[in-house]
Protein chains: 2
Amino acid sequence: MSAQINIVIVEDDPVVLDGLVSFFTMQKSIQLLETFGSVEQFILWINKLDADFILLLDIQLPGRSGIEALPEIKSILPALEVIILTTFEETDVIFKALSAGACSYISKRSSLPKIKDAVEVVAQGGSYMSPAIARKIADYYKPKPKSQLTERQLEIVSGIVNGKSYKMIASDLFISLDTVRSHIKNIYKALEINSKAELIRKSYDDEL
Amino acid sequence: MSAQINIVIVEDDPVVLDGLVSFFTMQKSIQLLETFGSVEQFILWINKLDADFILLLDIQLPGRSGIEALPEIKSILPALEVIILTTFEETDVIFKALSAGACSYISKRSSLPKIKDAVEVVAQGGSYMSPAIARKIADYYKPKPKSQLTERQLEIVSGIVNGKSYKMIASDLFISLDTVRSHIKNIYKALEINSKAELIRKSYDDEL
DNA sequence: GCTCCAATCACATCTTGATGTGATTTACAT
DNA sequence: ATGTAAATCACATCAAGATGTGATTGGAGC
């Protein structure tokens with residue numbers, strides 16, 4: 001159903017690269033256009049043409065890392081689809097890659113056919129995540145330690161997070177300014193914090 | 001490699017359910033324990049035993065929706081792995097499901113073998129997302145309208161978001177308190193905001 | 001009945017933050 | 001060279017926030 005899919009690989013490890021090259025050159029549905037050992041080389045190359053391909057990008061590279069270079073790459077080719085192919089499975093690296101513009105993230109432990117699957121999925125506008133990666137992303141949304149604050153306290157916090165002054169909160173809740181202060185004092189004690197900034201941050205991190 | 005995998009399905013649509021039932025009863029690696037047409041029935045059942053199974057859960061159900069019921073289900077069986085199987089592909093529904101404790105999210109448009117893949121992936125501790133779903137998640141992290149702030153201003157913001165007082169920021173950056181204030185004034189102007197709370201919120205929403 | 005706690009309010013004090021006006025220096029680009 | 005912008009610092013003023021001490025009330029639990 002899909003036409004020819006073009007791909008480019010940036011990978012410095014010769015062993016990994018050889019495996020990918022020999023595998024993809026055997027696939028009739030996928031055309032391996034080029035390979036590069038560093039993002040610097042790749043960036044020189046993309047300046048020469050406006051290409052239509054999917055990029056398989058390693059993170060751990062000599063010189064600039066794949067993630068560091070991604071924003072620049074995307075600024076040159078905004079519509080480029082990037083698949084991160086790496087051994088890093090740390091949550092923060094995953095989110096950095098996604099934030100930098102990658103649409104898929106695959107562990108190098110994946111089989112070659114899985115990598116091919118990912119390329120085809122991306123070619124069709126989808127996104128592929130290795131099971132272990134997807135699990136990290138899913139887990140990221142869980143914790144929810146449940147609030148130790150009372151209903152009233154949550155109302156106060158809500159006001160603060162929404163940028164209202166204590167005075168505004170007081171009038172919104174039909175209580176006095178001092179009561180608001182009192183609540184806040186208790187909230188700080190309960191959350192073991194001591195500034196509005198920390199409270200706001202916490203309200204985002206913990207969902208309160 | 002994997003032993004027997006037990007699954008339970010909660011799905012009200014008889015057509016979809018029949019398809020799943022006839023498919024899974026043919027799979028030797030997977031044992032379909034039970035099926036239910038609503039979360040109410042399912043919850044009555046799980047109270048009777050502490051089971052070891054993976055749950056395939058529809059969202060659109062008569063009575064309580066799958067997402068509404070998920071927190072309660074997870075409170076009864078915290079370690080239960082839940083795969084959402086639905087036609088809903090809206091970003092907010094996806095994130096609500098993940099936040100409620102689902103580890104995987106599959107479109108009903110998926111083929112039965114894909115659903116089987118997902119069950120096996122989850123049984124091995126991974127997580128499976130349909131390509132279209134994974135794309136939504138990946139896209140969620142992109143926007144990055146790029147900061148209109150200077151390097152120095154970002155340093156100031158960083159201090160504020162991390163709960164430091166202006167005084168602390170000043171000494172951290174080896175500049176005077178007034179300079180910090182001056183920067184903040186400019187930052188507020190640039191971002192068109194007028195309070196610390198808004199700044200902190202913005203730094204989370206926009207990644208600044 | 002008594003206790004504990006959430007919620008309410010008051011007063012006092014000190015720190016921090018928001019904003020305005022204005023000045024100097026350096027660096028980069030026209 | 002000249003202008004613009006970023007970064008620096010100063011002084012002033014008012015609003016807002018942080019923190020402590022202390023008091024009252026009403027409801028839940030024992």
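Within every chain, numbering begins at 1; the chains are lettered A, B, ... in the order of the sequence lines, protein sequences first and strands thereafter.
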*Looking at OG1 of A:Thr179 and CZ of A:Arg152, how far apart are the two atoms once the value is rounded to the nearest 0.5 Å?*
9.0 Å
*So what does A:Asn186 hit on the nucleic acid, given a heavy-atom distance under 4.0 Å: a base, only sugar-phosphate, or nothing?*
nothing
*Starting at CD1 of B:Ile187 and ending at C1' of D:dA6, how long is that distance when rounded to a whole Å?*
12 Å
*asked:* Would you say A:Lys185 places a side-chain N or O within less than 4.0 Å of OP1 or OP2 belonging to D:dT19?
replied: no
*Taking atom C1' of C:dG17 as reference, at what distance in whole Å does atom CD1 of B:Ile160 sit?*
10 Å
*asked:* Nearest whole Å is fine: how far is D:dA15 P from A:Lys196 NZ?
replied: 16 Å
*Do B:Tyr105 and B:Tyr128 have ring centroids that are under 6.0 Å from one another?*
no
*Please tell me which of the listed nucleotides, C:dT8, D:dG17, D:dA12, lies nearest to the side chain of B:Arg181?*
D:dA12
*For B:Lys167 and C:dG17, what is the distance between atoms NZ and P respectively, to the nearest whole Å?*
9 Å
*So, is B:Thr150 close to the D:dA7 phosphate, meaning a side-chain N or O under 4.0 Å from OP1 or OP2?*
yes
*Answer yes or no: is there an ion pair linking B:Arg135 with A:Glu81, defined by an N-O contact shorter than 4.0 Å?*
yes
*Among residues 171-179 of chain B, which contact DNA chain D at a heavy-atom distance under 4.0 Å?*
B:Ile175, B:Ser176, B:Asp178, B:Thr179
*If each of A:Arg152 and B:Tyr188 is mapped to the nucleotide of DNA chain C with the nearest heavy atom, which maps nearer the 5' terminus, i.e. the 5' end?*
A:Arg152
_Separation of C:dT15 P from A:Asn194 CG (nearest whole Å)_ = 16 Å
*For A:His183 and C:dT8, is the shortest distance between a side-chain N/O and OP1 or OP2 below 4.0 Å?*
yes
_In this structure, how many angstroms lie between the P atom of C:dT15 and the CD1 atom of A:Ile184, rounded?_
20 Å
*Is any NZ, NE, NH1 or NH2 atom of the basic residue among B:Lys108 and B:Asp13 found under 4.0 Å from an Asp or Glu carboxylate oxygen of the other?*
no
*Starting at the 5' end of DNA chain D, which residue's closest nucleotide do you reach first, A:Lys189 or A:Ser165?*
A:Ser165
*Distance in Å, A:Leu32 CG paired with A:Asn6 CG, rounded so as to fall on 0.5 Å steps*: 9.5 Å
*State whether A:Glu198 and A:Lys202 are salt-bridged, where the test is any N-O pair (Lys NZ or Arg NE/NH1/NH2 against Asp/Glu carboxylate O) under 4.0 Å.*
no
*What is the distance from NZ of B:Lys164 to C1' of C:dG17, rounded to the nearest Å?*
18 Å
*When the distance from CD of B:Glu155 to C1' of D:dA6 is rounded to whole Å, what number comes out?*
13 Å
*Output yes when B:Lys136 and B:Glu90 qualify as a salt bridge under the 4.0 Å nitrogen-oxygen rule, no when they do not.*
no
_Does B:Ser182 reach a base, just sugar-phosphate, or nothing at all? Heavy atoms under 4.0 Å._
base
